[in-house]
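Atom set for the values below is all heavy atoms of this structure, side chains included, hydrogens, waters and symmetry mates excluded. Whatever order the structure lists ligands and atoms in, that order sets their numbers, starting from 1.
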Amino acid sequence: MAQEKQIAWDLYHSYENFKEKSLTNRRFKHSDIVPLIERLKNNKIFKVDKVGKSVEGRDIYLISLGSGKTKVLLWSQMHGDEPTATAALFDMFNFFFDEDAFPELKKLLLSNLSIYIIPMVNPDGAEQFQRRNIVEVDLNRDILRQQTPEAKILKEVFDNLKADFGFNLHDQGRDYSAGNSINPASISFLAPAPDYDKTLTPPREKAMKLISNMVTVLNEFIPGHIAKYSDDYEPRAFGDNFTKWGTGVVLLESGGWRGDREKHFLCKINYIALLSALSSIASGGYANTDLSVYESIPQNEKFMMDLILRNLIVKRDEIEYLIDVGINFDEVNVNGAKEFYLKAAIEDVGDLSVFAGYEEFDLSGYTVEPGKTKPVAYHSLNELEKINLAQLYNEGYTNVILDNDNFQSEYSHLPLNITLDEKAIPESKIKPEESPNFIIKKKNEVKFVVVNGFLIDIEKVESWDGNSIIYGK
Ligand SMILES: [Zn+2]
């Protein structure tokens, strides 16, 4: 194990040499990865095949390397908005492409393993940055019915290979925590069950040992941030069926990491996890790992929120109530799903002491009230940019009306919400599911405001880097 940890640290420290720098954020598309795949043909260790087309006609590729006896199949992004592992696979291709680096590790991998990789099983979903494919079918619920070309392709590749190991690579919600800790479940694992009884078959046990090995390595980098995905049997899913048919399947889910919405760090962790796993399959080392590691992985729980404002006072009929306010942000795709803005909603109000925030602020001694909409219309963006914010907030407003139809966007970077139609903006309430727009005061003086869930210190409005919402568009 000591040697495996050393290799993992070497991979960690040399990562920048292999990181695929053209994939700069999670909304990369099929057209971004095709040239990267085509380039692999310039290196004879890779075999590149097209194994079929998506509904919209995008090529799905199978990349193979190595000549060993043990077959390993890795596939990513069955869900189009779950790209972290896809990016890591391209880092891994760069690792193999470079002939000079890590010669011993490469020799171990390529002589003992035959590695087969399908990056981006769902390119049409990736195009829209949505979970499902373009006819709205969840590919990971289509192994029985085989209605989608993408699911058929994955099943055919599997049938041809009957791989010893499979890696099913996904992303999971940011709201998962590692057990009841304050840590996000940054990586969650599962050795999927082959039946409703969750029978411990030899392939499943093999996968559990491999996961134990991966967890031991990853604990070097992200201790306390690893969890176990629910092992409920899903008869329509790929991992569960592949396990039933004899493959040791590892489900790997990339979750959240504080301060890293784009998951650059978790992509690096994926890269280390996958190369370490391949290395321990190649050496056979995983077989010596104790199953108790797998058994002791905390469960995925849902105790994370994006932002928690703690210990606020809300007043009603002169009586004060102490509340925490939990806020989550949804990503809304724009510009052909190449970019996004954030839209906040109140997740919960009250005693949120069992929850943890990606960000938290203790606002003890502050009172909170809903931000209102100023009942006077502005006429241009230029006018809004010159607005006296301190005065606006002091009057209790976080939202303004703009009677200018030329406005095209759904969001802005001004620290106030804009509505193009007085009726389009919901009345502000401190209530679950409502939009979090607040005025926060101490001794009757406004100190903070919350606009679309972003906390703004009114002394530092200029440094605000959130986004507000434009209603009525
Ligand atoms: Zn998924």
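Under 4.0 Å is where a charged nitrogen must lie from a carboxylate oxygen, and between Lys302 and Asp175 at least one such pair does. Between Glu331 and Arg27 there is a salt bridge, since at least one side-chain N of the basic residue sits less than 4.0 Å from a carboxylate O of the acidic one. Ionic pairing of Asp142 and Lys152 is not present here: no N-O contact between side-chain nitrogen and carboxylate oxygen is shorter than 4.0 angstrom. At a threshold of 4.0 Å, the pair Lys162-Asp159 counts as salt-bridged, since one of the basic side-chain nitrogens sits closer than that to a carboxylate oxygen. Ion pair Asp290/Lys209 not flagged as a salt bridge, since none of the NZ, NE, NH1 or NH2 atoms sits closer than 4.0 Å to an Asp/Glu carboxylate oxygen.
Test Arg132, Gln130, His170 against His79 for side chain to side chain donor-acceptor pair (under 3.5 Å) and you get one pass: His170.
Protein N, O or S atom count below 2.8 Å of the Zn ion (ligand 1): the structure gives 4.
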